[in-house]
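Scroll down for the structure; my scribbles are underneath it.
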Amino acid sequence: MEPLTPNSVSREEEAAEVEEINWTELPPDVTSMILSNLNAVEILSSAQYVCSLWRKLCREPMMWRNIDMHNLSDLWYLEFDLEKMVRHAVDRSCGQLLSVFIKDFATDNLLNYIIDRSSHIRHLRLVSCCSISDDGLSEGIKRLPLLDEIDLCYCSFSKEVLEAIGQYCPRLKSLKLNCQSFRRPHIECNEEALAIAQNMPGLKSLQLFGNKLTNDGLVAILDGCRHLESLDLRQCFNVNLGGNVGKRCAEQIKIVRYPNDPTDDYEFVAEIHDDASFDEEYPSGISDLDLLSDDDYNDFSADSDFSDYDPFEQYHFYD
């Protein structure tokens with residue numbers, strides 16, 4: 001057995017002190033900082049039941065300035081009523097909500113509930129929320145005059161929605177309008193680019209991952225959005241940045257991500273879906289809408305069916 005030295009005694013004492021830490025007795029501000037790293041589901045279903053202090057902190061409006069409801073795939077099997085959870089989180093925010101991130105399950109009704117009670121939202125992120133309609137988002141945007149960031153990724157909103165955002169959100173500085181990318185069938189569409197160029201002159205950051213704009217749409221953006229500092233055109237395969245257009249991008253914008261740039265830091269799946277069978281059937285330059293049947297429209301507008309079953313209702317966290 002090694003003889004004890006002052007250093008070894010000190011290390012043993014430190015280890016003992018670490019083991020004896022009672023995490024429920026941390027200072028409230030430290031505990032709040034830790035809890036703020038959890039998403040709404042984790043707080044409502046678990047963290048707030050640790051002790052009375054944690055429950056008290058989890059009910060504070062400051063804890064709900066940011067509602068993050070994405071990356072919940074590992075929780076689907078528990079059959080949470082996620083929409084009900086969002087409503088409860090919004091109620092707890094007491095009007096102090098600043099940022100909302102919802103993936104997959106948002107509806108017109110849920111969006112309206114959030115905005116009715118949260119007029120100070122500055123960052124709205126909607127990903128794969130196909131149950132939100134053009135009218136639902138356009139009407140909601142009218143009540144968010146302080147919005148300065150909006151992300152609409154893998155949704156199917158029209159150019160009229162972008163026009164409404166530009167009209168009713170004068171402080172908008174950042175837009176992410178990302179979609180699934182593909183080289184074939186070859187489709188060209190500048191509607192979204194023109195709506196951005198004509199209605200969002202104050203933009204500083206624009207991400208158009210997988211968009212179908214051409215050089216004409218890009219030039220319109222460069223003309224209409226003179227304050228752009230960051231432009232992400234990754235997987236925008238209709239854009240050719242050789243010659244004057246590429247030179248202008250480099251001179252006018254500080255940070256440019258080009259169509260074939262790496263996608264390692266992209267937060268979603270960046271897989272390219274190509275279908276060569278469309279090349280002969282459809283001519284170059286057709287509209288997205290030409291590829292949608294009536295059945296496709298019904299798929300996009302289908303109402304969500306959320307179960308009333310909630311395994312955590314026994315804990316009364318909705319009270």
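Given the structure is predicted, the values throughout are model-derived calculations rather than measurements.
When all heavy atoms of Asp265 and Pro262 are compared, the pair lying nearest together is OD1-O, 4.3 Å. The shortest non-hydrogen separation linking Phe157 to Cys129 is CZ-O, 4.4 Å. For Pro145 against Ser119, the heavy-atom pair with the smallest separation is CD-O, 4.3 Å. Across every non-hydrogen atom of Ala40 and Trp64, the tightest pair is CB-CZ3, 3.8 Å. Between Glu149 and Leu172, the closest heavy-atom pair is N-CD1, 3.9 Å. Here the closest non-hydrogen pair linking Ala106 and Ser131 is O-CB, 3.6 Å.
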**Message:** Determine whether Leu213 and Val239 satisfy the following criterion, side chain to side chain contact (heavy atoms under 4.5 Å, CB included), listing intermediate values before the conclusion.
**Reply:** CA-CA 7 Å; Leu213 82 165; Val239 171; 3.9 Å; yes

Leu146 and Arg171: CA distance, side-chain angles, deciding distance, side chain to side chain contact (heavy atoms under 4.5 Å, CB included) verdict: CA-CA 6 Å; Leu146 300 181; Arg171 298 179 55 168; 3.2 Å; yes

**OP:** Check the pair Thr214, Asn190 against side chain to side chain donor-acceptor pair (under 3.5 Å), reporting the backbone distance first and the verdict last.
**Re:** CA-CA 7 Å; Thr214 67; Asn190 286 311; 2.9 Å; yes

Inset, instruction - Please test Ile114 against Ile67 for side chain to side chain contact (heavy atoms under 4.5 Å, CB included), starting from the C-alpha separation and ending with a verdict. - result: CA-CA 11 Å; Ile114 294 170; Ile67 296 178; over 6 Å; no

Determine, step by step, whether Arg92 and Cys58 satisfy the side chain to side chain contact (heavy atoms under 4.5 Å, CB included) criterion, reporting the C-alpha distance in whole Å, the side-chain angles of both residues, the deciding distance to 0.1 Å, and the verdict. CA-CA 9 Å; Arg92 285 194 177 185; Cys58 289; 4.1 Å; yes

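Remark: Lys159 pairs with Glu163 by the salt bridge (charged side-chain N to carboxylate O under 4.0 Å, His left out) rule, at least two apart or across chains. By the salt bridge (charged side-chain N to carboxylate O under 4.0 Å, His left out) test, Asp148 is found to be paired with no residue, residues two or more places apart in sequence or in another chain being considered.
If you chain together hydrophobic residues whose side chains sit under 4.5 Å apart, Leu152 and Tyr168 fall into the same group. Hydrophobic clustering, with ILVMFWY side chains joined whenever heavy atoms are under 4.5 angstrom apart, groups Leu53 together with Val50. Cluster annotation: Ile165 is connected to Leu206 through the hydrophobic network of ILVMFWY side chains, with a link wherever side-chain heavy atoms come within less than 4.5 Å.
Atom CG of Asn37 is surrounded by more than 12 heavy atoms from other residues, nucleotides or ligands within 6.0 Å. Within 6.0 Å of NZ in Lys173 there are more than 12 heavy atoms belonging to other residues, nucleotides or ligands.
Between Lys103 and Glu267, no side-chain nitrogen of the basic residue sits less than 4.0 Å from a carboxylate oxygen of the acidic one, so the salt-bridge criterion is not met. Using a 4.0 Å cut-off between a side-chain N of Lys or Arg and a carboxylate O of Asp or Glu, Asp116 and Arg143 qualify as a salt bridge. Looking at Glu83 and Arg87, a side-chain N of the basic residue comes within less than 4.0 Å of a carboxylate O on the acidic one, giving a salt bridge.
Atom CZ of Arg125 sits about 10.0 Å away from atom CG of Asn66, to the nearest 0.5 Å. Put simply, OG on Ser128 and CD on Gln180 are 10.0 Å apart, with the number rounded to the nearest 0.5 Å. Summarising the geometry, atom CD belonging to Gln198 is positioned 10.0 Å from atom SG belonging to Cys225; distances are rounded to the nearest 0.5 Å.
Side-chain contact check for Leu35 versus Thr31: some heavy-atom pair is nearer than 4.5 Å. Using a 4.5 Å heavy-atom threshold, the side chains of Asp91 and Tyr113 count as touching. Taking 4.5 Å as the limit, some side-chain heavy atom of Leu147 sits within range of a side-chain heavy atom of Ile121. Taking 4.5 Å as the limit, some side-chain heavy atom of Phe101 sits within range of a side-chain heavy atom of Val127. Considering only heavy atoms from C-beta on, Ser32 comes within 4.5 Å of Met63 through its side chain. Side-chain atoms of Asp104 and Leu82, non-hydrogen and from C-beta on, never get closer than 4.5 Å to each other. Between His123 and Ser174, the closest side-chain pair of non-hydrogen atoms is not below 4.5 Å. In this structure the side chain of Gln207 reaches within 4.5 angstrom of the side chain of Arg234, judged on heavy atoms.
The backbone N or O of Asn39 lies less than 3.5 Å from a partner atom in the side chain of Glu42, making a donor-acceptor pair. In this structure, the side chain of Ser138 does not engage the main chain of Asp135 through any donor-acceptor pair within 3.5 Å. Side chain of Asn199 to main chain of Ala195: a donor-acceptor pair is present (N/O by atom type, distance under 3.5 Å, no hydrogens or angles). Checked by atom type and distance alone, the side chain of Asn238 pairs as donor or acceptor with a backbone atom of Lys212 at under 3.5 Å.
Checked options Ile253, Leu222, Leu241; the residue passing with Arg248 is Leu222 (criterion: side chain to side chain contact (heavy atoms under 4.5 Å, CB included)). Just one of Leu126, Leu162, Leu177, Ile141 meets the side chain to side chain contact (heavy atoms under 4.5 Å, CB included) condition when paired with Ile150; it is Ile141.
Using a 30° and 60° split on the angle between ring planes, Tyr154 and Phe268 fall in the perpendicular class, above 60°.
For the 3.5 Å distance criterion, the side chains of His186 and Glu188 qualify, holding a donor opposite an acceptor.
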